[in-house]
Amino acid sequence: MTEPVLIPHTSQALSSGPSDHPLYDPVGIGLRSPHYQEILDTSPNIGWVEVHPENYFCGGMHRHYLDQISKNYPISLHAVGLSLGADQDVDKNHLKQFKELIDIYKPFIISDHVSWSASGNAHLNDLLPLPYNKETLERLKKNVAQAQGYFGRQILVENPSTYIAFKDNIMPEYDFMNLLCEESGCGMLLDINNIYVQCHNHNLDAYEYINNIEVKYVQEIHMAGHISKQIGDSSILIDTHNQLVCEDVWNLYEHAIKKLDSAATLIEWDQDFPPLQTLVDEAARARKIIEENAKEKSSA
Amino acid sequence: MKLKEVQEKFKRSMLRPYQKLDECDPEFLEQFDNNHIPVLERIKVYHNNVVGSLSKALRSTFPIVEKLVGDDFMKMMTSEFVFDNPPKNASLYQYGQEFENFIKTYQPAKSLPYLSDIAKFEWAINQSYYAADDKALTADELSQIPPENLEYIKSPLRKSANLFESDYPILQIKDFCLNDGDGESPDMSERCDTRLLIYRPKLEVDIIPIKSDEFTLLEKLNDLSPLGKAVENTLEKYPDFDFPSFLQKHIELETFAHVKANDFERT
């Protein structure tokens, strides 16, 4: 069993959304159906699991396993469908179904993205990009307020991977994220792989991005893999969540952890699923970085 | 350009064929930085994500349709479906209800008249798999209902139950496809009456072939007809219908939903 590690920023999440489980281990993995039974059978060394609530607005197999696994591990609900950046209100039916899961599973974190996916009645099933300007900020604040009001608790918002940038941007994404958290009272889910992808795709400096994030807002970190696609003489990185975390992203993570001390960290993998052990190994690598950082801090 | 308009135009660019992306509104494309990678190439990444992920979701819900038409045809057909029928909510398992009707009018699939029935069959399986949890009516519960009230009970089917009919040998087609074409190929020349109960007693979906009289009664019960009236109507149409055997079979199969106390009362 891992020694309890202090997770300063998660304590805020716990106070805003109590879980039945205290979080002793800061590193979790995304829970996906090919691993359900093995997780129940082997109780792997992970601190918590995260699911997309949209996959559980139903009965049957998936809910059965989530019921079982939530008895052993704290749960985080990471939405992909609130469409917080859409220029329309958040879908009330989506909020209602999400809230039902919150009431049942008592997640220690709930989150979604700084992106949009719905326009009118069409849901495009992707995290689509936003211009970072005043109009977008006001719309996000309104939708975050609607969600937080409905849930009666704080949500976290995640920085996206984008493949296109708007001319209308009036500030860097990190300033936009900080401002959104400051003005709407939401927390931040910092996706290190997204920062890496984002900075590659738009010729930005990933370390500068992390250095400009307000540490006090960050309550969760995501780590995932991506692929590279060649376009002419250039390449574009695509956030596919179907690979190991690359070395550059691990280096960025170490840099982020030094700034943050620690944060609940998730290993995400959403397609072409590997054996469960691969995710457990990735989680162990993140845990080691957190623990070594804590040791360095305490001996300094 | 205002946010609403940008998003509307972005949506339209996603819901059009890949080959027509270069016909996107120039004013819309002007909204983006055109640096080391051209804007259109960047839009194509999103187009691949949106259309690719939705097509993949449909292929996962309709594997027999895919087996029948092949990978390339399925990718083309699902993409065209996506353009006119994007999901109405963010839960992908609820996506594809209109696929059956789309196939009916999809000209390239005209030579496979049974294809839309296969889509309807696979959608019914999908609905059963994801239906809300509920409890079955047990023999004990049934025995506690006063005999004089039996004819008044309204005992709908489980939430996962779907009654399915087709003129084609759907189960033979399914077995043939899922065995990768090994075994006897289904005889498509003669009309056949397929009637199925598709439901989820526990966690897995069961598919039970049923007779015409059973189908009629289950349908009436599902429409909330009182038991007595439903049996009477079934017997009018099928005088040899064996109700006691029917009841025993479907209690054992756990077809009926748990009834609330007030359902036993006369209405």
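Only this structure's heavy atoms are used, side chains among them; waters, hydrogens and symmetry mates stay out. Quick caveat, the model's predicted, so the values are computed rather than measured.
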Side chains of [X] and [Y], heavy atoms from C-beta outward: is any pair under 4.5 Å?
{"X": "A:F57", "Y": "B:Y93", "result": "yes"}
{"X": "B:L163", "Y": "B:I210", "result": "yes"}
{"X": "B:F164", "Y": "B:F121", "result": "yes"}
{"X": "B:E98", "Y": "B:K88", "result": "yes"}
{"X": "B:H47", "Y": "B:L21", "result": "yes"}
{"X": "B:Q127", "Y": "B:Q97", "result": "no"}
{"X": "A:D233", "Y": "B:H36", "result": "no"}

Contacting region of [X] [heavy-atom separation from chain A under 4.5 Å]:
{"X": "B:V6", "answer": "side chain"}
{"X": "B:K159", "answer": "neither"}
{"X": "B:N85", "answer": "neither"}
{"X": "B:V50", "answer": "both"}

Interchain contact, [X] with chain B, by part (heavy-atom threshold 4.5 Å):
{"X": "A:H52", "answer": "neither"}
{"X": "A:N125", "answer": "both"}
{"X": "A:P53", "answer": "neither"}
{"X": "A:L124", "answer": "both"}
{"X": "A:T240", "answer": "neither"}
{"X": "A:L130", "answer": "side chain"}
{"X": "A:S117", "answer": "neither"}
{"X": "A:A79", "answer": "neither"}

Determine, for [X] against [Y], whether the closest basic-nitrogen to carboxylate-oxygen distance falls under 4.0 angstrom.
{"X": "B:K135", "Y": "B:E141", "result": "no"}
{"X": "B:E252", "Y": "B:K249", "result": "no"}
{"X": "A:K96", "Y": "A:E100", "result": "yes"}
{"X": "A:D103", "Y": "A:K99", "result": "yes"}

For chain A, which candidate among [options] shows the most heavy-atom pairs at distances under 4.5 Å?
{"options": "B:S160, B:S91, B:P86, B:P87", "result": "B:P87"}
{"options": "B:E30, B:M1, B:E8", "result": "B:E30"}
{"options": "B:D33, B:V51, B:L3", "result": "B:L3"}
{"options": "B:L15, B:N89, B:N35", "result": "B:N89"}
{"options": "B:E204, B:K202, B:R200", "result": "B:R200"}

In terms of heavy-atom pairs under 4.5 Å, which option from [options] contacts chain B the most?
{"options": "A:E54, A:K167, A:K229", "value": "A:K167"}
{"options": "A:G81, A:P131, A:A165, A:G85", "value": "A:A165"}
{"options": "A:D168, A:L128, A:T162", "value": "A:L128"}
{"options": "A:H202, A:Q271, A:R63, A:H62", "value": "A:H62"}
{"options": "A:H64, A:Q88, A:E135, A:M61", "value": "A:E135"}

Quick check: under 4.5 Å, non-hydrogen atoms only, which of residues 60-81 of chain B neighbour chain A?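 Within residues 60-81 of chain B, no residue comes under 4.5 Å from chain A.
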Going from CD on A:E50 to CG on A:L189, what distance comes out if it is rounded to the nearest 0.5 angstrom?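 Reported to 0.5 Å precision, the distance equals 6.5 Å.
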Interatomic distance, B:M14 atom CE to B:K9 atom NZ [nearest 0.5 angstrom]: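 These two atoms lie 14.0 Å from each other.
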Which class fits the ring pair A:Y65 and A:Y36: parallel under 30°, tilted 30 to 60°, perpendicular over 60°?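 Parallel: the ring planes of A:Y65 and A:Y36 meet at under 30°.
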Result for ring-ring contact (aromatic ring centres under 6.0 Å, His included) between B:Y46 and one of B:F32, B:Y18, B:F10 points to B:F10
Which atom of A:H35 lies closest to which atom of A:P274, heavy atoms considered: NE2-O, 2.8 Å
Distance-minimising heavy-atom pair for A:A118 and A:S83: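 Scanning both residues completely, I find the closest heavy atoms to be N-OG, 2.9 Å.
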